[in-house]
Structures are given as C-alpha cells and as structure tokens.
*Asks:* 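If you scroll down you'll find the structure; I have some questions about it.
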Amino acid sequence: MSEPTAARGAVIVADTSGPADIYGVHGTAGLTHWKALASGLDLAAGWEAVEWASVPPGGVSGEHRHTRTEEIYFVLRGSGEIVLDGVASPVREGSMVLTGVGTVHGLRNTGDTDLDWLVIEIRSPHTAHTLRSAGREDSASPARPVSKENLVNARLHDLRAEGTVDPAGVFTGPLRQAAVRNLEPGGTLRLRADGAEHTVFVTAGSGWAQSDSATVELTAGTSVTLPLGTEVRLGAGKSEGLEFFHAELAVPAAAPEHAR
C-alpha cells in the first residue's frame with residue numbers, strides 16, 4: 001500500500017511504505033522521509049493532517065513556529081531531543097510532545113538508528129473560525145482555555161507510561177485525548193465516529209480492522225482514520241496482541257457527515 005485509501009464517508013487506511021524524500025525541512029540541510037496518512041479535506045473535526053516522518057542519525061527537523069495549528073509529535077522509534085522555545089529535552093520511543101500555537105519547536109536525532117515519529121496537526125479555534133467565515137465550516141470546534149501563565153505553550157509526556165493524556169492546558173482545539181492502547185491476543189475493540197473522529201496508528205503486533213464493507217490486515221506502521229459516521233472493529237491476532245496510538249477529535253455539532 002503506497003497511498004492513503006480514501007473516499008467521502010469511507011474509512012481511510014494507509015501505511016508508511018513509499019514515503020517521499022524531502023531535503024531541507026523547515027530550513028535545515030539533510031534528508032527527511034515523509035508520508036501523509038490522512039488529510040483534513042476528508043474529515044470534519046478540524047484535522048489538518050495525519051503524517052509520518054523519519055530522519056536518519058544526526059538528522060534534524062528544523063525549529064519552526066505554527067501560527068494556525070496545534071501539533072502532536074509521537075515518537076515511534078529511536079531517540080533524540082525536542083527543542084521547545086530554545087530548551088532541549090530528550091525524547092525516545094513512546095514520548096509525545098503537545099505543541100500549542102506559537103511555540104518554536106524542532107526535533108533532532110541523537111541516536112544511532114532512524115528517528116520515526118507520528119505527526120498530527122489540528123486547526124486552532126481561530127483558524128477554524130477563519131475557515132467557517134470563508135464558508136467551509138458551519139460551527140465552532142470546542143475550545144479549552146490555555147493558561148496565560150504558560151511561558152512555553154507545550155508539554156512533553158511519556159505516553160506509553162501514562163496511557164492516556166488530556167491535552168487541556170496546552171491545546172485549545174478539538175482534541176479530546178491521545179492514548180496508547182493494547183488489545184490482548186484475540187481481543188477486539190469497536191470504534192464509531194459519532195460526535196468525534198478517530199485515528200489509529202499501529203505501533204506493535206498484528207491484527208485486523210473490519211468495516212461494513214471490508215477487512216484489512218493491521219501491522220506496525222498501518223493507520224486507520226474514521227471520518228464522521230463511520231465505524232470499525234479492531235481485532236488482535238490470536239498469537240500476539242495489538243498496540244496502537246489513538247487520537248480522538250470532537251466534531252462540531254453542525255458539521256456535515258461525509259457518510260450521508
């Protein structure tokens with residue numbers, strides 16, 4: 001599978017095979033492997049994009065500032081350091097960084113293997129309002145206040161250790177939670193995009209995802225994104241469990257349901 005499989009109202013399935021090679025990301029020299037897994041154009045909850053990225057040892061994703069989106073970095077493999085407004089902190093597999101609007105951030109690979117991470121960009125309420133004003137959306141995304149005392153509008157988590165993270169205090173947009181979840185061998189989980197949309201990225205193990213029209217195999221590096229009105233049943237294989245990253249975004253009450 002080389003490109004995301006998407007249609008209006010359809011579950012979006014993608015993987016990390018066949019990424020693009022990009023040189024000089026965010027003003028730096030060097031190579032970044034990059035792959036788009038889902039686009040906000042196919043979703044209703046204020047997503048900008050779901051992406052996968054990787055840099056080799058010594059590689060850098062340059063420091064930059066987002067003015068219209070909030071962003072998740074979830075480290076999938078390797079080790080490095082995240083720089084937030086000039087302050088560097090170590091990250092490794094399982095680390096998650098929540099970066100709010102306005103914080104300068106960059107990522108460097110300090111290990112001896114590739115550094116892979118998942119990127120989720122989410123439109124801020126201000127950006128969502130601007131798009132609504134242009135006639136592209138009908139209702140505001142739920143917003144959370146951000147403390148004015150925060151000097152750096154970002155937060156670093158060990159998501160694998162914490163399990164679930166509430167983004168309140170950093171994010172103001174529609175992200176409800178981010179989590180690492182596990183299914184025991186033979187276990188199942190049903191996800192429905194009813195009032196919220198979901199994205200899942202498999203980090204370990206194997207299994208399957210079943211909708212009302214198809215069943216697909218799940219292995220590490222596979223993503224499944226659920227637009228509003230869709231539903232899937234996730235299952236782990238009988239001989240091994242299934243571990244996956246899961247993000248859930250609230251959908252505005254008046255947003256169109258792509259499945260209709």
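Every heavy atom of this structure was used, including side-chain atoms; hydrogens, water molecules and symmetry mates were not. It should be emphasised that the depicted structure is a prediction, and the values quoted were computed from it without experimental measurement.
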*Asks:* Quick one: closest heavy-atom pair of Pro185 and Gly241, and the distance?
*Replies:* CG-N, 3.7 Å

*Asks:* Looking only at heavy atoms, what is the nearest atom pair of Leu156 and Pro90, with distance?
*Replies:* CD2-O, 3.9 Å

*Asks:* Might you point out which heavy atoms bring Ala44 and Pro252 nearest each other, and give the distance in Å?
*Replies:* O-CD, 3.7 Å

*Asks:* Do other residues, nucleotides or ligands put more than 12 heavy atoms under 6.0 Å from the CD atom of Glu184?
*Replies:* no

*Asks:* Side-chain contact test, heavy atoms from C-beta onward, threshold under 4.5 Å: evaluate it for Glu48 versus Arg68 and give yes or no.
*Replies:* yes

*Asks:* Is the closest side-chain heavy-atom distance between Leu183 and Phe244 below 4.5 Å?
*Replies:* yes

*Asks:* What pairs meet the salt bridge (charged side-chain N to carboxylate O under 4.0 Å, His left out) rule with one or both residues in residues 92-103, with sequence neighbours excluded?
*Replies:* Arg92-Asp158, Glu93-Arg160

*Asks:* Using modelled atom types and a 3.5 Å cut-off, is there a donor and acceptor pairing between side-chain atoms of Glu197 and backbone atoms of Ala45?
*Replies:* yes

*Asks:* Quick one, Tyr73 and Ser61 - any side-chain contact, counting heavy atoms below 4.5 Å?
*Replies:* yes

*Asks:* Less than 4.5 Å apart, any side-chain heavy atom of His157 and any of Arg155?
*Replies:* yes

*Asks:* Decide whether Val83 and Leu107 are clustered together by the hydrophobic rule: side chain heavy atoms of Ile, Leu, Val, Met, Phe, Trp, Tyr closer than 4.5 Å, transitively.
*Replies:* no

*Asks:* I need the minimum non-hydrogen distance between Glu71 and Val119, along with the two atoms involved.
*Replies:* OE2-CG1, 3.3 Å

*Asks:* Mind checking the CG-CG spacing from Asp15 to Leu37? Nearest 0.5 Å is all I need.
*Replies:* 8.0 Å

*Asks:* Just verifying a value: how many Å separate Leu249 CG and Leu228 CG, rounded to the nearest 0.5 Å?
*Replies:* 12.0 Å

*Asks:* Check step by step if side chain to side chain donor-acceptor pair (under 3.5 Å) holds for Glu240 and Ser206.
*Replies:* CA-CA 7 Å; Glu240 61 179 337; Ser206 62; 2.7 Å; yes

*Asks:* side-chain contact (heavy atoms from CB on, under 4.5 Å) between Phe171 and Asn153: does it pass, once the steps are laid out?
*Replies:* CA-CA 8 Å; Phe171 282 11; Asn153 189 25; over 6 Å; no

*Asks:* With side-chain hydrogen bond (donor to acceptor under 3.5 Å, both in side chains) as the test, pick out the partner of Thr225 among Thr199, Asp42, Thr230.
*Replies:* Thr199

*Asks:* Hey, could you give me the CG/CG distance between Leu189 and Leu242, rounded to the nearest 0.5 Å?
*Replies:* 9.5 Å

*Asks:* Does any N or O in the side chain of Arg233 come within less than 3.5 Å of the main-chain N or O of Gln210, such that one atom is a donor and the other an acceptor?
*Replies:* no

*Asks:* Looking at Ser39 and Ala49, would you say the former's side chain and the latter's main chain have a donor-acceptor pair under 3.5 Å?
*Replies:* no

*Asks:* Is the ring pair His105/His66 parallel, tilted or perpendicular, if the boundaries are 30 and 60 degrees?
*Replies:* parallel

*Asks:* Indicate, with yes or no, if Val170 and Val101 share a hydrophobic cluster defined by side-chain heavy-atom contacts under 4.5 Å among Ile, Leu, Val, Met, Phe, Trp and Tyr.
*Replies:* no

*Asks:* So do Ser223 and Val200 actually touch side chain to side chain, heavy atoms under 4.5 Å?
*Replies:* no

*Asks:* How about Asp21: does its CG atom have over 12 heavy atoms from other parts shown lying under 6.0 Å from it?
*Replies:* yes

*Asks:* Decide, yes or no, whether a salt bridge links Glu51 with Lys35 under the criterion of side-chain N to carboxylate O below 4.0 Å.
*Replies:* no

*Asks:* For Gly102, does its backbone N or O pair with a side-chain atom of Arg65 as donor and acceptor, under 3.5 Å?
*Replies:* yes

*Asks:* Should Val55 and Val25 be regarded as members of a common hydrophobic cluster, given that ILVMFWY residues are connected when their side-chain heavy atoms come within less than 4.5 Å of each other, either directly or indirectly?
*Replies:* no

*Asks:* Considering non-hydrogen atoms only, spot the tightest contact between Trp52 and Pro19 and give its length.
*Replies:* CZ3-CB, 3.8 Å

*Asks:* Rounded to the nearest 0.5 Å, what separates atom OH in Tyr23 from atom CG in Leu31?
*Replies:* 4.5 Å

*Asks:* For Ala10 and Pro227, work out which heavy atoms get closest and say how close.
*Replies:* O-CG, 3.2 Å

*Asks:* Rounded at 0.5 Å granularity, tell me how far CG in Asn109 sits from CH2 in Trp117.
*Replies:* 8.5 Å

*Asks:* Would a distance-only check, ignoring hydrogens and angles, find a side-chain to backbone donor-acceptor pair under 3.5 Å from Asp114 to Asp116?
*Replies:* no

*Asks:* Can you list the steps and then say if Met96 with Phe74 is a side-chain contact (heavy atoms from CB on, under 4.5 Å)?
*Replies:* CA-CA 4 Å; Met96 182 179 73; Phe74 177 63; 4.0 Å; yes

*Asks:* Can you tell me how far the OG1 atom of Thr28 sits from the CD atom of Glu63, to the nearest 0.5 Å?
*Replies:* 10.5 Å

*Asks:* Does any N or O in the side chain of His26 come within less than 3.5 Å of the main-chain N or O of Gly24, such that one atom is a donor and the other an acceptor?
*Replies:* no

*Asks:* Can you tell if the side chain of Val224 reaches within under 4.5 Å of the side chain of Leu218, non-hydrogen atoms only?
*Replies:* yes

*Asks:* Quick one: does Leu191's side chain get under 4.5 Å of Leu226's, heavy atoms only?
*Replies:* yes

*Asks:* Does the side chain of Glu121 pick up a donor-acceptor pair with the side chain of Thr69 at under 3.5 Å?
*Replies:* yes

*Asks:* Do the side-chain N and O atoms of Thr172 and Glu70 include a donor-acceptor pair separated by under 3.5 angstrom?
*Replies:* yes

*Asks:* Check the side chains of Glu243 and Thr203 for a donor-acceptor pair under 3.5 angstrom, ignoring hydrogens and angles.
*Replies:* yes

*Asks:* So, for Phe201 and Phe245, is the gap between ring centers shorter than 6.0 Å?
*Replies:* no

*Asks:* In terms of the angle between their ring planes, are His246 and His198 parallel, tilted or perpendicular, with boundaries placed at 30° and 60°?
*Replies:* parallel

*Asks:* For a 4.5 angstrom cut-off between non-hydrogen side-chain atoms, does Ile72 reach Leu98?
*Replies:* yes

*Asks:* Determine whether a donor-acceptor pair (N or O, by modelled atom type, separation under 3.5 Å) exists between the side chain of Asp85 and the backbone of Val104.
*Replies:* yes

*Asks:* The test is side-chain contact (heavy atoms from CB on, under 4.5 Å); show your working for Thr164 and Asp166 and say whether it passes.
*Replies:* CA-CA 7 Å; Thr164 301; Asp166 181 342; over 6 Å; no

*Asks:* According to a 4.5 Å side-chain heavy-atom criterion applied to Ile, Leu, Val, Met, Phe, Trp and Tyr, with indirect links allowed, do Val180 and Leu118 form part of one hydrophobic cluster?
*Replies:* yes

*Asks:* Could you see if Val202 belongs to whatever hydrophobic cluster contains Val13? Use Ile, Leu, Val, Met, Phe, Trp, Tyr and a side-chain cutoff under 4.5 Å.
*Replies:* yes

